[in-house]
Q: 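Below you'll find the structure I mean.
A quick note: this is a predicted structure, and the numbers were derived from the prediction, not measured.
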Amino acid sequence: MTSQEVFSRSELLAADDVTIEDAIAHADPMVLRGLLYQLTGDPEVAATGVKMVLAGYFDVPAPATEADVALLRRKGVAFLKAYRDSGAGEISVGPADRLAASLGLMLGRTMEGDDLRHHVEELALDPSVRSLHWREEPDPERLKDFTVTVIGAGMGGLNAALQLRKAGFPFTVLEKNTGVGGTWWENRYPGARVDTPSRSYTHLFGVDFPYPNPFCEWRENVKYFDWVADNFDLRRHIQFETEVKSLTWDEAANEWVIDIVGPDGARTLRSRAVITAVGFLNRPNIASFPGAESFAGSSWHTARWPESTDLKGKRVAVIGTGCTGYQMVPEIALEAAQVTVFQRTPQWLFPVPGYRSPFPPQVNWLDRNLPFHTNFMRARTCSLDRIANVAQIDPNFQDPYACNPLNKRAREGCIEFLERKLGDPALVAAMTPPHPVWSARAVVVDPDYSILDALMRDNVSLVTSGIERIEPNGIVGKDGAVHEADVIVYATGFHATEYLYPMTITGRGGQKLEDLWKKDGARAYLGCMMPGFPNLWSIYGPNTNGGLTVATFHEKVAHYALQCMQTLVLGNGGAMEPRSEAFWDYNRLVDERNSTKVWSDPRAHNYYWTEHGRSAVMNPFYTAEMSGFLREPALEDLAIA
């Protein structure tokens with residue numbers, strides 16, 4: 001998309017000068033800095049200064065002076081007025097060789113190498129940049145024979161399906177639920193919403209999807225996935241209510257034998273390749289408490305929230321205070337008669353202004369009328385390097401509660417937020433985690449209304465003494481106190497480190513995947529391939545949390561997998577897997593780098609770090625590094641049979 005082909009932007013053509021000025025007043029000035037330079041090459045835009053400012057707990061680039069902001073807004077208004085007056089038709093994004101400078105102006109740093117390539121991709125000027133482009137025409141019969149099964153129709157599975165169809169592969173998608181969306185089809189509890197910007201929580205081809213919020217709640221996420229499935233006509237490829245029980249590699253045939261259970265009972269499929277896209281937060285972990293089966297009221301896990309549940313007048317007990325619990329409690333507190341929150345470990349809270357609010361309408365107007373605004377806004381949010389910097393252990397930094405100066409500053413900001421919202425020193429202490437910031441998943445909250453405001457309500461109480469047992473009328477704490485309840489909600493998370501659970505996967509020579517992972521947990525080459533398990537690629541596999549945004553990881557792995565399949569279809573091989581030495585070289589690097597991150601801190605007890613003394617979940621690499629690893633297969637690392 002080097003130009004935006006539009007018949008005309010009727011909304012912009014009808015806009016008066018005041019409307020344009022008001023919209024530009026709500027634009028991100030750093031986005032204007034990069035976008036306007038890309039569109040115009042204006043040297044005055046490039047000459048504006050930049051400084052680093054504290055936004056939340058991160059240093060972010062901003063215009064150096066108010067005069068710079070005023071100039072950028074003035075230039076933005078002038079551009080849009082001129083574009084309107086010219087008829088608001090097709091417009092070029094400008095020369096490709098200007099993108100490095102334009103992105104650098106927006107992001108406040110020099111762009112080069114893999115960093116530049118990644119951010120150019122994230123602009124989504126070419127939505128098919130992560131699609132397979134055959135390096136030569138495939139033999140039709142070999143392509144027809146190379147069947148692929150995709151397991152899961154969430155974000156990763158839908159993208160894999162679309163890319164397979166574009167490349168011409170015959171494929172089937174198996175989905176255990178009755179609809180698309182994966183975790184967002186399942187997680188419909190009150191308050192459920194993304195904690196990463198929605199603009200980066202979309203595929204490249206969804207860059208113009210009209211999200212109403214900067215951080216969308218579950219209903220809007222479901223709308224997006226429904227749009228993907230319907231806009232690209234993917235539902236006809238999906239077998240719903242169909243669960244995969246086992247995968248078994250047939251060495252003689254170079255095929256996977258797939259045992260499934262669906263509406264027609266148990267069946268067996270065969271496929272040359274399999275892409276698993278089942279996620280890792282998809283199988284609820286329901287903690288076991290003595291007497292739970294005796295509870296006389298209703299109970300459920302947050303991922304199984306009953307439709308049309310009415311909590312008015314009910315006494316609700318919530319067990320668990322990870323991200324889900326902290327999102328949910330403030331919402332149900334507005335409805336329930338009493339909410340009792342059982343907390344084992346508090347989590348760090350990151351206040352983000354506007355987290356629960358929609359975009360100002362002027363921002364949506366800019367999305368529709370300022371050319372390439374959505375593209376540059378997306379690229380502004382696509383890097384996780386700020387988190388990586390806060391999480392990096394500085395061995396020379398001596399502080400019992402933090403791993404580096406940035407981490408300490410984040411901790412101090414979090415505690416100041418607790419003190420400002422709660423006031424009560426005892427409650428502040430109860431809500432202060434024992435572990436450093438980012439050694440466990442931090443929780444994004446709205447500073448105007450969050451779990452902290454809920455705890456100050458008369459109908460909400462916090463219990464930190466632990467749970468002794470559950471009785472018919474409620475929960476007995478370890479201190480002997482009885483907390484009566486009509487409803488128990490388990491916000492106890494998922495089997496996050498048990499990748500591909502509960503499928504039984506048997507590879508070459510009868511090897512079970514669980515045996516490969518028995519010693520020290522789940523591992524994969526580049527997060528997506530395992531030795532001994534040919535033609536099997538896993539989207540959101542081991543050690544893919546972090547490094548890249550979720551949507552980007554899904555797209556990059558799918559593109560990588562299709563490039564591997566291309567090698568097989570164009571060559572004489574029938575199967576591909578990583579060589580054992582490449583698998584272990586990559587995993588040694590992952591473990592070494594993870595040991596330098598704050599999530600290796602022993603005070604944190606969560607899915608970031610396993611009982612094996614390593615992380616099976618976290619990705620320790622910087623964005624450009626991981627993007628570079630997945631750019632194209634290193635064939636010397638792969639065995640082809």
Side-chain angles (χ1 to χ4, degrees), residues 1-6 8-53 55 60-111 116 119-120 122-125 199 207-208 214 359-382:
M1 186 173 61
T2 56
S3 65
Q4 286 189 340
E5 298 178 4
V6 292
S8 67
R9 287 182 165 89
S10 57
E11 188 177 21
L12 177 59
L13 290 173
D16 58 20
D17 290 356
V18 173
T19 298
I20 291 174
E21 291 162 2
D22 181 45
I24 292 293
H26 286 80
D28 181 328
M30 291 300 287
V31 169
L32 285 178
R33 192 171 186 249
L35 175 54
L36 290 174
Y37 184 72
Q38 181 60 35
L39 289 169
T40 67
D42 188 336
E44 288 188 294
V45 170
T48 55
V50 68
K51 64 182 178 182
M52 301 304 290
V53 300
V60 298
T65 66
E66 287 302 315
D68 288 327
V69 174
L71 181 144
L72 293 169
R73 297 205 188 282
R74 186 170 67 252
K75 295 280 187 178
V77 168
F79 172 83
L80 259 187
K81 288 180 180 178
Y83 178 52
R84 175 199 61 189
D85 295 343
S86 70
E90 181 177 346
I91 184 169
S92 169
V93 74
D97 60 7
R98 191 186 290 162
L99 286 170
S102 302
L103 285 166
L105 287 169
M106 178 174 70
L107 300 173
R109 67 175 190 268
T110 301
M111 305 296 294
L116 173 60
H119 281 83
V120 170
E122 288 292 340
L123 279 170
L125 297 172
R199 290 189 188 273
V207 64
D208 290 322
F359 282 120
Q362 294 90 339
V363 173
N364 301 121
W365 189 94
L366 288 170
D367 285 345
R368 297 188 299 271
N369 295 290
L370 176 57
F372 306 103
H373 182 256
T374 57
N375 305 83
F376 275 73
M377 286 290 286
R378 175 193 173 89
R380 179 93 154 106
T381 64
C382 71

Q: Give the minimum heavy-atom separation between Leu36 and Gly76, together with the two atoms involved.
A: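 Of all heavy-atom pairs spanning Leu36 and Gly76, the closest is CD1-N, 3.6 Å.
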Q: Any donor and acceptor pair, going by atom type alone, linking the side chain of Tyr83 with main-chain N or O of Ala78 inside 3.5 Å?
A: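 No, because the side chain of Tyr83 does not come within donor-acceptor range (under 3.5 Å) of the backbone of Ala78.
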Q: So, does Arg73 use its side chain to make a donor-acceptor pair with the main chain of Pro29 at under 3.5 Å?
A: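 Such a contact is absent between Arg73 side chain and Pro29 backbone.
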Q: Nearest 0.5 Å, please: how far is CD1 in Ile24 from CG in Leu80?
A: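 So the gap between those two atoms works out to 4.5 Å.
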Q: Which residues pass the salt bridge (Lys or Arg N to Asp or Glu O under 4.0 Å) test with Asp367, sequence neighbours left out?
A: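 With sequence neighbours excluded, Asp367 shows a salt bridge (Lys or Arg N to Asp or Glu O under 4.0 Å) to Arg199, given in chain and number order.
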Q: Could you check whether any side-chain heavy atom of Asn375 comes within less than 4.5 Å of a side-chain heavy atom of Val93, counting everything from C-beta outward?
A: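 No - every pair of side-chain heavy atoms lies 4.5 Å or more apart.
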Q: If every non-hydrogen atom of Leu103 is compared with every non-hydrogen atom of Val120, which pair is closest and at what distance?
A: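 Heavy atoms of Leu103 and Val120 come nearest at CD1-CG2, 3.8 Å.
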Q: Do the side chains of Trp365 and Leu12 get nearer than 4.5 Å, heavy atoms only?
A: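 With C-beta onward as the side chain, the pair touches.
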Q: Report yes or no: does Arg33 contribute a side-chain atom to a donor-acceptor pair with the main-chain N or O of Leu105 at less than 3.5 Å?
A: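 At least one qualifying donor-acceptor pair exists.
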Q: Taking salt bridge (Lys or Arg N to Asp or Glu O under 4.0 Å) as the test, write out the residues that go with Arg84, two or more places apart.
A: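 Arg84: salt bridge (Lys or Arg N to Asp or Glu O under 4.0 Å) contacts with Asp17.
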Q: Pairs in or reaching into residues 36-46: which pass side-chain hydrogen bond (donor to acceptor under 3.5 Å, both in side chains), with residues at least two apart or in two chains?
A: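 Residue pairs passing side-chain hydrogen bond (donor to acceptor under 3.5 Å, both in side chains), neighbours aside: Gln38-Ser102, Asp42-Lys75, Glu44-Lys75.
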Q: Is any side-chain heavy atom of Val69 closer than 4.5 Å to a side-chain heavy atom of Pro63?
A: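 Side-chain contact under 4.5 Å: yes.
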Q: Does the side chain of Phe372 come within less than 4.5 Å of Leu123's, by heavy atoms?
A: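 Heavy-atom side-chain distance check fails, nothing below 4.5 Å.
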Q: Is any side-chain heavy atom of Pro61 closer than 4.5 Å to a side-chain heavy atom of Lys51?
A: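 With C-beta onward as the side chain, the pair stays apart.
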Q: Minimum heavy-atom separation for Val53 and Ala62, please, with both atom names.
A: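 Looking at all heavy atoms of both residues, the closest pair is CG2-CB, 3.8 Å.
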Q: What is the minimum heavy-atom distance between Leu32 and Leu72, and which atoms define it?
A: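 Heavy atoms only, the tightest pair is CD1-O, 4.0 Å.
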Q: Over all heavy atoms of both residues, which pair between Val363 and His26 is shortest? Give the atoms and the distance, please.
A: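 Heavy atoms only, the tightest pair is CG2-O, 3.9 Å.
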Q: Contact between Arg368 and Arg9 at the side-chain level, heavy atoms closer than 4.5 Å - yes or no?
A: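 Answer no - side chains too far apart.
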Q: Measuring from Asp22:CG to Gln362:CD, what's the distance to the nearest 0.5 Å?
A: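 These two atoms lie 4.5 Å from each other.
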Q: Does Arg109 have any side chain to side chain contact (heavy atoms under 4.5 Å, CB included) partners at least two apart in sequence or in another chain, and if so, which?
A: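 Once residues adjacent in sequence are excluded, the partners of Arg109 under the side chain to side chain contact (heavy atoms under 4.5 Å, CB included) criterion are Leu107, Met111, Asp115, His119.
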Q: State which residues pass side chain to side chain donor-acceptor pair (under 3.5 Å) with Asp28; sequence neighbours excluded, sorted by chain then number.
A: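 With neighbours one apart ignored, the set is Arg380.
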Q: Would you indicate whether the side-chain heavy atoms of Leu370 and Phe79 approach each other to under 4.5 Å?
A: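 Counting from C-beta outward, Phe79 and Leu370 do come under 4.5 Å.
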Q: Mind checking side chain to side chain donor-acceptor pair (under 3.5 Å) for Thr19 and listing every partner two or more places apart, or none if nothing turns up?
A: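 If we apply the side chain to side chain donor-acceptor pair (under 3.5 Å) test to Thr19, skipping adjacent residues, the hits are Asp16.
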Q: When rounded to the nearest 0.5 angstrom, what is the spacing between CG in Leu35 and CG in Leu366?
A: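 Result: 10.0 Å between the selected atoms.
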Q: So, does Asp68 use its side chain to make a donor-acceptor pair with the main chain of Gly49 at under 3.5 Å?
A: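 The answer is yes, because a donor-acceptor pair under 3.5 Å joins these two groups.
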